[in-house]
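Okay, so here's the structure we're looking at.
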Amino acid sequence: GDIVLTTRSWKYGYSGLGIQIKRISIRHGNTKTNVRAYISTDKTGNIMLDTDRDAAFKCRLKNDTGVDRNISCILNIKDEGGQVIAKFERSVTAAANSETAFYIDYEQKIYGAYTAELIAYDGGNSSTAACGFTYMRNNASKNDRMGTCVHLGGAERDAAETLRLVSDAGIGWIRTEIHWNKYEAQKGVYELSQYQKLCLDEARKNGVKLLVILGFGNTLYTKTESTIPKTDDDKAAFYNYVYHLSAELERDYGDVVGAYELWNEPNHSSFNNNMEASGADYASLAKTVRDALTAAGAKRPLVGLAMTGVHDESCVKWCEDAYKAGLGKYTDGMSFHPYWAGLSPEAYNMTEKMNMMHSLADTYGGSRKLWTSEHGYPTIMDYISEETQAQRIIRSYLISIADSDFERYFIYQLQDGGNNPYDKEQQWGLIRCWKDIETPYRAKQSYTAVAALN
């Protein structure tokens, strides 16, 4: 069959659209590489911490010949520009017809994201292998003002690895949803899944708090999963979901759950079916949720709005209608998602956008406490580099916490959603996807920058 070859460099990401190969000719050569080289680490995502006693590269040599071979190995550490900043040499005997493994300590121990290149010389032939890796600070304590979105809704993501990576970077919170349609999969039966309990247990183990999104629709009651409950019957069903969920969380995970957030981006059609629910409908649902939390004895704050499009007049108008209808009476803070991927936080004027949010509470009543429950930048080829993503996230956070009424900043998101470099929606992560084809969970520069900041 036809093959498409796509190359990828550590500096520039994926190349163009790939090279389509129609036909491959195989012919005998005069030489062959008798020994093949491989390199990795024993760490998830090749992320080594300064508290690790075993910060080292795992090198492997596979000898396909029937005799032992003396191999001269060179390990180069390269920076983002491909310059060698450290070099290690070692001679190894590769046993016949077998694989020989050995470790080379990372003695340089320079903080940052780099490439390790192993070259194995076998006489006149050589084999080269490379891997991206990170060396960073391990955070013993957590930054209580920083969080990240993790989407632990499905068991395809490893809860233990995810929460440990959050903790190692010193991030104090995660934002995740506990869907209504999963918590009440059968009418009147309310229960956390074993996987959800595992996520909560891992959060506790790592000292990380949760901002729990309450939502979304449940087709046992609502038309679609993006239908915001607004009839009396639908709101009564949503009340029961919030009551049972918050009662269980408060009873069993009161030390883990830090706050609740009502819905996600209700002022956008993706989460508000055909924009059927108005701002006033959302305010009414907030009253329902507040009543349910109070009845359940929930002691955590309720954050409202989860607004997108702060620069869009129609989006702002929807949120203003919610506050006019009394949203501020039922919530303990307001949340928003000030995205504009192509602009730096200064060019987008983050401060102005925060002041606009405060003005809603000042004008119509309610708490001025502001949460950025989603914000970040994707890495887009030839547009936003890993370095630019890191710089903009750090500056956005610092600009935000300079506001005296600012509560918490959540980075969207911890992991890339996929491996397609041309799909912006897949590239928002601080680390590569859990199913990355090269190194699952590999850190981007933004991950190490966040860890250094914290």
Side-chain angles (χ1 to χ4, degrees), residues 142-149 171-178 208-215 228 242 245-246 249-250 254 256-268 271 279-280 282-294 296 298-310 315-316 318-339 350-375 396-397 399-412:
K142 307 295 183 296
N143 182 354
D144 189 58
R145 303 194 72 183
M146 179 181 285
T148 185
C149 303
I171 299 172
W173 289 63
I174 60 171
R175 178 179 184 253
T176 190
E177 55 282 302
I178 299 181
V208 174
K209 295 179 182 177
L210 268 70
L211 173 59
V212 177
I213 303 171
L214 301 173
I228 297 177
V242 174
L245 175 61
S246 59
L249 291 176
E250 293 286 334
V256 177
V257 175
Y260 299 98
E261 184 177 33
L262 176 55
W263 218 263
N264 178 71
E265 299 182 355
N267 63 329
H268 192 280
F271 297 96
Y282 179 81
S284 178
L285 184 63
K287 180 182 185 305
T288 299
V289 171
R290 171 57 73 191
D291 290 343
L293 292 173
T294 300
K299 303 178 180 64
R300 320 301 150 188
L302 172 65
V303 181
L305 215 52
M307 168 196 185
T308 189
V310 67
C315 290
V316 173
W318 190 97
C319 295
E320 189 174 26
D321 289 344
Y323 266 86
K324 284 180 181 178
L327 177 63
K329 293 187 293 185
Y330 313 118
T331 56
D332 303 299
M334 53 174 54
S335 57
F336 79 140
H337 305 163
Y339 287 120
M350 287 276 286
T351 301
E352 178 188 68
K353 304 303 185 293
M354 290 189 291
N355 288 337
M356 193 285 295
M357 295 295 293
H358 289 317
S359 71
L360 290 176
D362 294 341
T363 303
Y364 302 106
S367 172
R368 295 184 90 249
K369 291 182 179 178
L370 183 58
W371 298 54
T372 296
S373 56
E374 277 188 30
H375 183 252
S396 297
Y397 170 78
I399 289 169
S400 298
I401 64 171
D403 185 305
S404 61
D405 290 306
F406 190 83
E407 287 288 293
R408 290 178 179 85
Y409 177 90
F410 287 78
I411 302 166
Y412 187 86

Are Leu370 and Phe336 close enough that some pair of their side-chain heavy atoms sits under 4.5 Å apart?
yes

Is there a side-chain contact between Asp403 and Thr351 in this structure, where contact means two heavy atoms from C-beta onward sitting under 4.5 Å apart?
no

Looking at Leu262, is its backbone amide N or carbonyl O close enough to the side chain of Tyr282 to form a donor-acceptor pair, meaning the two atoms are under 3.5 Å apart?
yes

Once you round to the nearest 0.5 Å, how far does NZ of Lys287 lie from OG1 of Thr331?
14.0 Å

Angle class for the His375/Tyr409 ring planes (parallel below 30°, perpendicular above 60°, tilted otherwise)?
perpendicular

What's the separation between atom OG1 in Thr288 and atom CG in Leu293, rounded to the nearest 0.5 Å?
11.0 Å

Between the CG atom in Leu249 and the CG atom in Leu210, the distance rounded to the nearest 0.5 Å is 8.5 Å

Minimum-distance pair of heavy atoms, taken over all atoms of Ala306 and Glu261:
CB-OE2, 3.4 Å

Pro301 to Gly258 - nearest heavy-atom pair and separation
CD-O, 3.4 Å

Looking at every heavy atom in both Ser367 and Ala361, which two are closest together, and how far apart are they?
O-CB, 3.5 Å

Listed by chain and number, what are the salt bridge (Lys or Arg N to Asp or Glu O under 4.0 Å) partners of Arg368, not counting sequence neighbours?
Asp362, Asp405

If we only count heavy atoms from C-beta on, is the Asn267 to Thr308 side-chain gap below 4.5 Å?
yes

If you count heavy atoms of other groups shown closer than 6.0 angstrom to NZ of Lys353, is the number above 12?
yes

Can you sort out the partners of Glu407 under salt bridge (Lys or Arg N to Asp or Glu O under 4.0 Å), two or more places apart, ordered by chain and number?
none

Taking the side chain as every heavy atom from C-beta outward, state whether Glu374 and Tyr339 have any atom pair closer than 4.5 Å.
yes

Backbone of Phe406 reached by a side-chain donor or acceptor of Arg145 within 3.5 Å:
yes

Run Ile399 and Met354 through side chain to side chain contact (heavy atoms under 4.5 Å, CB included) and show every step you take.
CA-CA 10 Å; Ile399 289 169; Met354 290 189 291; 4.2 Å; yes

With a 4.5 Å heavy-atom cut-off, do Asn143 and Tyr397 have their side chains touching?
yes

Treating Asp332 as the side-chain partner and Leu302 as the backbone partner, does any N or O pair qualify as donor plus acceptor under 3.5 Å?
yes

Residue pair Leu211 / Ser373, side-chain heavy-atom distance below 4.5 Å:
yes

Which distance, rounded to the nearest 0.5 Å, do you find between the CG of Asp321 and the CG of Leu327?
11.5 Å

First locate atom NZ of Lys299, then atom OG1 of Thr294, and finally report the distance between them rounded to the nearest 0.5 Å.
11.5 Å

Main-chain N/O of Gly254 paired with Arg300 side-chain donor or acceptor, under 3.5 Å:
yes

Could you walk me through whether Val316 and Met307 pass side chain to side chain contact (heavy atoms under 4.5 Å, CB included), step by step?
CA-CA 8 Å; Val316 173; Met307 168 196 185; 3.6 Å; yes

Does Tyr323 reach the side chain of Met334, with side-chain heavy atoms less than 4.5 Å apart?
yes

For Trp263 and Phe271, indicate whether the former's side chain and the latter's backbone hold a donor-acceptor pair under 3.5 Å.
yes

Would you say Lys324 has more than 12 foreign heavy atoms packed within less than 6.0 Å of its NZ?
yes

Take Val310 and Met356 through the test side chain to side chain contact (heavy atoms under 4.5 Å, CB included) and record every step on the way to the result.
CA-CA 8 Å; Val310 67; Met356 193 285 295; 3.1 Å; yes

Between OG on residue Ser396 and CE on residue Met350, distance to nearest 0.5 Å:
4.5 Å

For Trp371 and Ala259 the tightest heavy-atom approach is CH2-CB, 3.8 Å

Does Val208 reach the side chain of Ile171, with side-chain heavy atoms less than 4.5 Å apart?
no

May I ask you to decide if Asp144's main-chain N or O and Trp173's side chain share a donor-acceptor pair within less than 3.5 Å?
yes

Do you know the tightest heavy-atom contact between Ala292 and Ser246?
O-OG, 4.4 Å

Can you sort out the partners of Lys209 under side chain to side chain donor-acceptor pair (under 3.5 Å), two or more places apart, ordered by chain and number?
none

Backbone N or O of Glu320 within a donor-acceptor pair of the Tyr364 side chain at under 3.5 Å?
no

